[in-house]
K.L.:
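Here it is, the structure in full.
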Amino acid sequence: MARAPYVSFAVRSNDSAGFAASRRVFAEDVVRVVTADVLAGRLPPGSRLPPVRVLEQQLGVSKNTVQSAYDELVARGILETRERAGVFVLGPAAGVPEASRIASPPPMRVRPAPPLHSGKIPRDAISLSTVFVDPELLPREKLSDCARSVLRSPGLESFYDVLGYGPLRELIAARLRARGMSDVTAANVLVTTGSQQAIDVVARTLEVRRVAVESPVYPGAKLLFESHGLAVTGLRLDPFAGIPLDAWEDALARARPGVLYAITSYQNPTGYSYTSHELATLIAMAERHGVALVEDDWGSDMLSGSEYRPTLRFLGGPNVVYINSFTKKLLPSLRVGFLVAEGSVMPSLVAAKRLSTLGNPWLTEAVLAEFLDRGYYDAHLAALQRELDVRYARCLDLLNETMPQGVRWTTPGGGPTLWLEVPRAVDLAELRGRLAERGVVVESSDSGFDGPPHLHGFRISYAFLPPATLERALRIVGDALREVNA
Ligand SMILES: Cc1ncc(COP(=O)(O)O)c(C=O)c1O
């Protein structure tokens, strides 16, 4: 049976100033205090008093002391005992006054919610722009095997390590060394709740006021930097033209950001991948202008043809802070990502994570470590990429077949999405509306631009949709484009 909480009162001793603890409490103290509180209205009619065993413990007295105080108060007509319900102040009210009847403090003053995507995939529509991978391609059974194996181990670890589960950090470091980042050890690896927390940890520690990002960029990074009070300079990225290195250098010289955050492989949202020349030039520019580099490498291991793409971290060395995640490639719900940083900045990054979460749940990290250790991850990536390559090729064929004149698309050759650029004459909001009516959802990328968008389109996810569904969706998009552009 649901009961209103009891009404708590303090029993002070009868001497000058002390609380109960300063002197033994007697039954007459309880009688005196309750009587006074009832008369003063502090214990309104109908209030439930603490059960005898609760008050006995709170006051550090015997059960008999409390019971005889309550008996006396009942005898004086101040309290009543109700069968199986407890001891109440005599009176008509049914229970404790509701909080709203006492007073209502103002709501907390908060900043408006940033325009973030909910992360939810609509079930009754085709989600054409999502960055997730088709769940059918994800190794849920093998992960469950690993979870069972971890749970069969002798007992749960009692303590957490703010850096993350040690064996997982060792395995991540070994993977990165195998990719040529030869200096990385577990001491450089901080495990995070997805790469989102890695970006958050970086943003919390920055002693600079301005961050440069690509424009457009993954909105979750831009909005996060801004939420930490950092100014953001957008570096214009046209995925059809490559990186305008001179313009970027001018922007760095003018805006003087302390950090440049770059998504160097299969950039979200454009699908663009930096060439080695662009990576090397960026590193030289960063050195010239005193700009630290943070690389979000969300995509380089959604590799095509089994070759990892080059990274800023590989070419630029340990000062480049490197971020990656298992969430897209393994299971979004795992929420495990990591960052890699050089020794002198690690204490600040680690402290930022500690302040935020103290430490992350050990169990998931242990399951992931088991998955990596058994070699399942490499086998999974290879199989996943084979399938993504097939879906990507099919997507390009379909685009050629279904898109009207004037529509262009990027050809990332890896990662989960490409960018579809439609003619300027197309009203994107109207197009989105028409598509939604036909059960196809495309996301706006506007919040990832710094200023008015210079691109006019949206992401196409060939990784999420089974080919037949993708075909249906692209035919609908092609038809709708012809209608709105007629
Ligand atoms: C480029 C990029 N970085 C980071 C994230 C954050 O992802 P997660 O926290 O799942 O690793 C995303 C999410 O879509 C992303 O697109």
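Just so it is clear, the model here is predicted, and its values are computed rather than measured. Just so you know, ligand 1 is whichever comes first in the structure, and atom 1 is the first atom listed for that ligand. Heavy atoms only: backbone and side chains are in, while hydrogens, waters and symmetry mates are out.
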K.L.:
At what distance is the nearest protein heavy atom to atom 7 (O) of ligand 1, and which residue and atom is it?
P.N.:
K328 NZ, 3.2 Å
K.L.:
Just by distance, with hydrogens left out, do T311 and D297 show a side-chain donor and acceptor under 3.5 Å apart?
P.N.:
no
K.L.:
Just jot down the ligand 1 atoms closer than 4.0 angstrom to any heavy atom of V131, in number order.
P.N.:
14 (O)
K.L.:
Which of the numbered atoms in ligand 1 are below 4.0 angstrom from a heavy atom of T327?
P.N.:
8 (P), 10 (O), 11 (O)
K.L.:
Is any NZ, NE, NH1 or NH2 atom of the basic residue among R391 and E471 found under 4.0 Å from an Asp or Glu carboxylate oxygen of the other?
P.N.:
no
K.L.:
Among all the protein's non-hydrogen atoms, which is closest to atom 4 (C) of ligand 1, and how far away is it?
P.N.:
S195 OG, 3.2 Å
K.L.:
What protein heavy atom lies closest to atom 16 (O) of ligand 1? Include the residue and the distance to one decimal.
P.N.:
N268 ND2, 2.7 Å
K.L.:
Provide the number and element of each atom of ligand 1 under 4.0 Å from a heavy atom of I263.
P.N.:
1 (C)
K.L.:
Can a non-hydrogen atom of R335 be found less than 4.0 Å from any atom of ligand 1?
P.N.:
yes
K.L.:
Could R179 and F314 be counted as a cation-pi pair, given that NZ or CZ must be under 6.0 Å from the ring centre and within 45° of the axis?
P.N.:
no
K.L.:
Less than 3.5 Å between some nitrogen or oxygen of W298 and one of ligand 1, yes or no?
P.N.:
no
K.L.:
Indicate whether the side chain of N324 and that of Y322 have a donor and an acceptor atom separated by less than 3.5 Å.
P.N.:
yes
K.L.:
With respect to L334, which candidate in L143, T327, T193 satisfies the side-chain contact (heavy atoms from CB on, under 4.5 Å) definition?
P.N.:
L143
K.L.:
Would you sort out whether D389 and Q385 count as a side-chain hydrogen bond (donor to acceptor under 3.5 Å, both in side chains), showing the intermediate values?
P.N.:
CA-CA 6 Å; D389 280 351; Q385 195 55 39; 3.0 Å; yes
K.L.:
Looking only at side-chain N and O atoms, does S344 offer a donor or acceptor that is under 3.5 Å from a partner on E342?
P.N.:
yes
K.L.:
For Y218, is at least one N or O under 3.5 Å away from an N or O on ligand 1?
P.N.:
no
K.L.:
Out of Q197, Q196, Q267, indicate the one that has the non-hydrogen atom closest to atom 9 (O) of ligand 1.
P.N.:
Q196
K.L.:
Identify the protein heavy atom lying closest to atom 3 (N) of ligand 1, giving its residue, its atom name and the separation to 0.1 Å.
P.N.:
D296 OD2, 2.6 Å
K.L.:
Any carboxylate oxygen within less than 4.0 angstrom of a Lys/Arg side-chain nitrogen, looking at R177 and D183?
P.N.:
no
